[in-house]
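In what follows, every chain begins at residue 1, and chains take the letters A, B, ... in the order their sequences are listed.
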Protein chains: 2
Amino acid sequence: MASPSSCTRSRYSNSGGDSLTFRALGARLGVDATAVYRHFADKDELILELVDRLLKEAMAGFTPDDNWRKTNVDIYERVRAVHLKFPRLAVLVASRTGRRAHEFSAVEHIIGALRRAGLSPESAGRYYRVLTEYVLGYMIEEATFRSLDAATQDGDRRAWLVEYRALPDDEFPNIASSIDHIPIDDDPRIFGWGLDLLLDAVEQQIQAPPPVST
Amino acid sequence: MASPSSCTRSRYSNSGGDSLTFRALGARLGVDATAVYRHFADKDELILELVDRLLKEAMAGFTPDDNWRKTNVDIYERVRAVHLKFPRLAVLVASRTGRRAHEFSAVEHIIGALRRAGLSPESAGRYYRVLTEYVLGYMIEEATFRSLDAATQDGDRRAWLVEYRALPDDEFPNIASSIDHIPIDDDPRIFGWGLDLLLDAVEQQIQAPPPVST
DNA sequence: ACCTGAACACCGTTCAAGT
DNA sequence: ACCTGAACACCGTTCAAGT
């Protein structure tokens, strides 16, 4: 209800404000900013709890599909959706291993789908990590970008509409030839394109003779 | 020379300290913390300049290879190496579009390699973005993790050596079967595995009939 | 058992004043 | 043309004190 403070200027010029602070949290809850220390040892403990609640919300109502690929896409889209919903939290959260119940469950389902696809335990373990690292990395970048203030975001987006288009053709012939087809940085479709590409390659590994591993 | 301040406790419990601050910068340069405002409008301007210098360092001595795949891997490895060298800077930098000379040059070389591989302007533009988003996302996540303090990093790493291993086999059979083969979060080989998988899929697109695009 | 509030050691940024 | 230094509005965290 009561706006916590005017916040005319944020701590970083490119930060959109409203990040998670104990003072804002206390104001919102009507208690002192330090009251949170009665419940969590420090800010990191709070964040780990939030990782788990985020994954709980993401996985609510999930049931695995017979199609392993659909199952994995479903899980990763769910996790991404909830991070998009809380981008300022996602920045703090997505590089961490939550190591709590709802993360365990999501991991079990992902690896289960890869095993059902016909992957060996070795390949399932490795590709679980590669796929998940792609998704987490993408989400952090996306959330970081969306946490910037509007003007900074627009400046970065405009780079692909203005600066990259203004480059001299003779010096940058390849950019010139493709510029109409380079998606803007934060085009939401990129996530799915990359995930599909990775899953295509994994599917290829299943059909092809197993490659030499390192 | 002179350590700027003891810094026994950092602003966030999980931040490793030594991030980029105007006060630390001023102390290091022997000037007042606000002197930087004589040269940059705000912190964001400083960061954009640093993006360009990072890419300049990354691309120093680069020459494209005849092999398009080698060329792209070389560029992406160079960019990653320089971000690994300055992880606390990488966190601030890797989600941004630098839109300056050295970024233009790197983009030109990446798209050029994809065109030489036989991709259409459409596909080259799209896959440039997908590959780059993978690399940037991976780097942000890696840099964010390496910017955590040592104890927090160890806690996350230990999750895969302790918590995930302690899970009951009957409830988590797929994790149990693969646990010996799941790489730790920050295994440096994951980057290359993911990039190779994406490039495998791109190569597949070149050989196969072009797919319907969306 | 839980909360308060002053204090500490930090932030980016502004601005009047210096040279 | 460039720098200083006080000030402002913020941070996470500690700790003695309250109920």
Self-check item: Cationic N near anionic O, under 4.0 Å, B/D180 to B/R165
Solution: yes
Quiz prompt | B/A35 or A/T21, whichever maps to the more 5' nucleotide of DNA chain D | solution = B/A35
Exercise. Could you tell me whether A/D52 and A/R99 make a salt bridge, using a distance below 4.0 angstrom between a side-chain N and a carboxylate O?
Key: no
Quiz item: In whole Å, what is the span from the CG atom of B/L29 to the C1' atom of D/dC2?
Solution: 14 Å
Quiz prompt | Whole-Å gap separating P (C/dC10) and NZ (A/K43) | solution = 18 Å
Practice problem: Take atom CG of B/D149 and atom P of D/dG12, then tell me their distance rounded to the nearest Å. | Solution: 16 Å
Exercise. To the nearest Å, give me how far apart CZ (A/R38) and P (D/dG18) are.
Key: 16 Å
Quiz item: Within the side chain of B/S95, is there an N or O that forms a donor-acceptor pair under 3.5 Å with the backbone of A/E141?
Solution: no
Quiz item: Regarding B/R129 and the six-membered ring of A/W193, is the cationic atom NZ or CZ under 6.0 Å from the ring centre and inside 45° of its axis?
Solution: no
Quiz item: Per the atom types in the model, does the base of C/dG12 pair as donor or acceptor with the side chain of B/T34 at under 3.5 Å?
Solution: no
Quiz item: Does D/dA6 pair with anything, Watson-Crick or G-U wobble, both distances under 3.5 Å, and if so, with which nucleotide?
Solution: C/dT14
Self-check item: Closest listed nucleotide, where the reference is the side chain of A/Y37 and the choices are C/dG5, D/dT4, D/dG12
Solution: D/dG12
Practice problem: Provide, to the nearest angstrom, the distance between the CG atom belonging to A/L20 and the P atom belonging to D/dT13. | Solution: 11 Å
Quiz item: Under 4.0 Å between a Lys/Arg side-chain N and an Asp/Glu carboxylate O for B/D186 and B/R157?
Solution: yes
Quiz item: Looking at A/H39, does any N or O in its side chain come under 4.0 Å of the phosphate oxygens OP1/OP2 on C/dC3?
Solution: yes
Quiz item: When the distance from CG of B/D32 to P of C/dG18 is rounded to whole Å, what number comes out?
Solution: 16 Å
Self-check item: Atom pair distance, as rounded to whole Å: CZ in B/F22 and P in C/dC10
Solution: 18 Å
Quiz item: Looking at D/dC11, D/dA7, C/dT14, which one has an atom nearest to any side-chain atom of B/R23?
Solution: D/dA7
Quiz prompt | Gap between atoms CZ and P, on B/F40 and D/dC3 respectively (whole Å) | solution = 12 Å
